[in-house]
S.K.: 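Sharing a structure below in structure tokens format, with a few things to ask.
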Amino acid sequence: MRAAPTGKPSVRFGRRAAAWLLVFAAIAAPLLPGPPALAGERLRMSTTTSTENSGLLGALLPPFEKRYGCKVDVIAVGTGKALKLGEAGDVDLVFVHARKLEDKFVADGFGVDRRDVMYNDFVLIGPAADPAEVRKTGSAVEALRRIAATRSVFVSRGDESGTHHKERELWRAAGVVPKGKWYLETGQGMGEVIYMAAQLRAYALADRGTYLAYRKKTDLAILHEGDEELWNPYGVMAVNPAKHPHVKYGLAMKFIDFITREEGQAIIASYKVDGKPLFFTYAPKGR
Amino acid sequence: MDFFLESLKASWSLILSLDRELFRAVWTSVYVSVWSIVFAALLGIPAGLAVGLLEVPFKRTVITGLNSLMAVPTVLIGLLVYGFISRQGPLGGWGLLFSPSAVIVGDALLAAPIVANYTLSSIRGAHAAILPTAMTLGAGRLRSVLKLLSEIRFGMMAAVISGFGRVISEVGVAMMLGGNILGYTRTMTTAIALETSKGEFALGIALGIILMSVALLVNIVFQILQRR
């Protein structure tokens with residue numbers, strides 16, 4: 001480097017030196033320990049957006065990680081994608097909510113040791129003013145028929161998630177093929193969809209946990225709830241080590257034990273947002 | 001407007017309080033971007049030099065190809081790399097998917113054509129005059145090329161800076177290949193996307209401010225270095 005020819009060389013040199021120093025620091029930066037704290041094993045879990053968006057995992061994971069000195073990497077996607085990640089062996093375990101898909105996943109040999117973890121229910125939400133007057137209807141199926149008939153805007157997950165599957169099941173039961181400008185297939189997670197519904201003054205199907213977690217930020221109301229077909233059970237299962245020998249089956253089983261036994265179950269049952277429980281555990285059946 | 005100002009205020013307090021989650025995301029972004037730009041430079045600068053200096057066959061076509069590669073969407077790169085490094089893919093055994101390394105691979109592939117193109121155009125700007133002049137003045141071939149390289153050093157630096165700007169600001173590759181895992185592969189951009197979707201604007205804005213500051217800092221450094 002040539003020295004600055006004239007002017008205030010000392011000042012310039014100082015700046016240039018500082019600039020070079022920064023460049024070298026930037027080049028050296030990757031040599032420093034990266035973001036992954038490499039202590040302990042990493043367990044990869046794909047799960048639904050509802051378990052993460054609701055904040056439950058924030059309460060559930062730290063005690064487990066602490067006890068086993070490991071780190072749980074959470075990939076929060078729709079149930080469909082979460083199971084696909086398991087099929088491909090890209091995760092070690094799957095924590096989702098779509099019983100039929102889970103059973104197929106196990107039957108096809110991709111998953112093993114499936115266990116029930118908790119449940120909540122789906123709720124039909126929408127603007128409190130309820131322009132389509134779905135409150136007057138007697139069931140979720142009727143409510144959907146009413147939304148379709150009035151062509152009120154409905155925000156769908158559209159992402160093969162558990163909620164999306166449930167929603168399509170309900171549309172089928174209603175004998176309606178949802179299509180048209182009023183039906184928005186967004187391909188987004190549960191939180192996004194609730195948020196979009198609030199912005200668009202639209203209707204949506206949501207799991208109660210995420211709805212409650214988002215209630216403060218939206219002005220949506222529950223317009224229908226309580227039907228038997230709105231029940232929403234969550235299950236956890238390990239990816240079959242016979243199919244994918246690299247998966248961390250042992251650690252996955254420790255996690256499954258943890259969340260289905262007293263300690264994990266107690267955390268789930270006591271997890272509340274604004275004083276309301278988001279998920280419910282099953283009565284102990286002497287597992 | 002109130003809502004926006006409130007978020008802005010909250011974002012400043014997050015930055016000033018050195019919020020841990022926030023700085024984790026910043027660090028992951030910087031770490032991943034710096035590594036990927038190092039690899040992108042290792043791929044892109046030689047490629048740009050080769051195309052610019054050597055008599056490669058179908059030169060025009062190669063240059064057009066390089067130019068078009070700059071426009072490849074991040075999600076397409078994400079998709080391709082995903083296909084390779086998923087456990088079902090040919091490189092599945094490496095277990096790279098959903099790790100910072102996966103994002104580095106994708107980002108390096110994203111930035112390499114940019115670095116190559118900028119290197120190439122700085123050569124094309126200097127080439128015509130410098131090489132013949134140096135050689136008429138009696139410099140050997142190697143010395144002439146070295147002279148050319150020193151003439152275009154700022155061009156190459158600009159190439160690296162542009163590539164860096166691209167990778168630190170992109171979200172597609174980081175989301176698809178990193179998986180947005182908290183404290184591991186969550187970068188500034190994926191965190192902004194997530195926080196927006198959750199309606200948590202304060203953290204998003206705080207990250208946006210930091211992202212802009214990093215870009216500003218990089219450009220100031222570059223400006224100072226370019227002064228003679």
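Every chain is numbered from 1, with letters handed out A, B, ... down the list of sequences.
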S.K.: When the ring centroid of A:Tyr203 is compared with that of A:Phe154, is the distance short of 6.0 Å?
M.R.: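 No: the rings miss the under 6.0 Å criterion.
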S.K.: Counting only non-hydrogen atoms closer than 4.5 Å, does A:Leu85 touch chain B with its backbone (N, CA, C, O), its side chain (CB onward), both, or neither?
M.R.: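 For A:Leu85, side-chain heavy atoms alone lie under 4.5 Å from chain B.
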S.K.: Quick check on B:Met157 against chain A: is it the side chain, the backbone, both or neither that has a heavy atom closer than 4.5 Å?
M.R.: side chain
S.K.: Do NZ/NE/NH1/NH2 and the carboxylate oxygens of A:Asp92 and A:Arg44 come within less than 4.0 Å?
M.R.: no
S.K.: Below 4.5 Å from any heavy atom of chain B, which atoms of A:Glu52 appear? Answer side chain, backbone, both or neither.
M.R.: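 Side chain only.
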S.K.: Given heavy-atom pairs under 4.5 angstrom as the criterion, report whether the side chain, backbone, both or neither of B:Ser33 touches chain A.
M.R.: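 When you check distances to chain A, no heavy atom of B:Ser33 falls under 4.5 Å.
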S.K.: Just how far is it from atom CG of A:Leu60 to atom CD1 of A:Ile268, taken to the nearest 0.5 Å?
M.R.: 5.0 Å
S.K.: Considering only heavy atoms, which portion of B:Phe23 lies under 4.5 Å from any heavy atom of chain A: side chain, backbone, both, or neither?
M.R.: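 Neither part.
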S.K.: Taking the six-membered ring for Trp, are A:Phe279 and A:Tyr271 ring centroids under 6.0 Å apart?
M.R.: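 So the answer is no for these two rings.
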S.K.: For residues 184-205 of chain A, which residue pairs pass the salt bridge (Lys or Arg N to Asp or Glu O under 4.0 Å) check, not counting sequence neighbours?
M.R.: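 For residues 184-205 of chain A: A:Arg201-A:Asp219.
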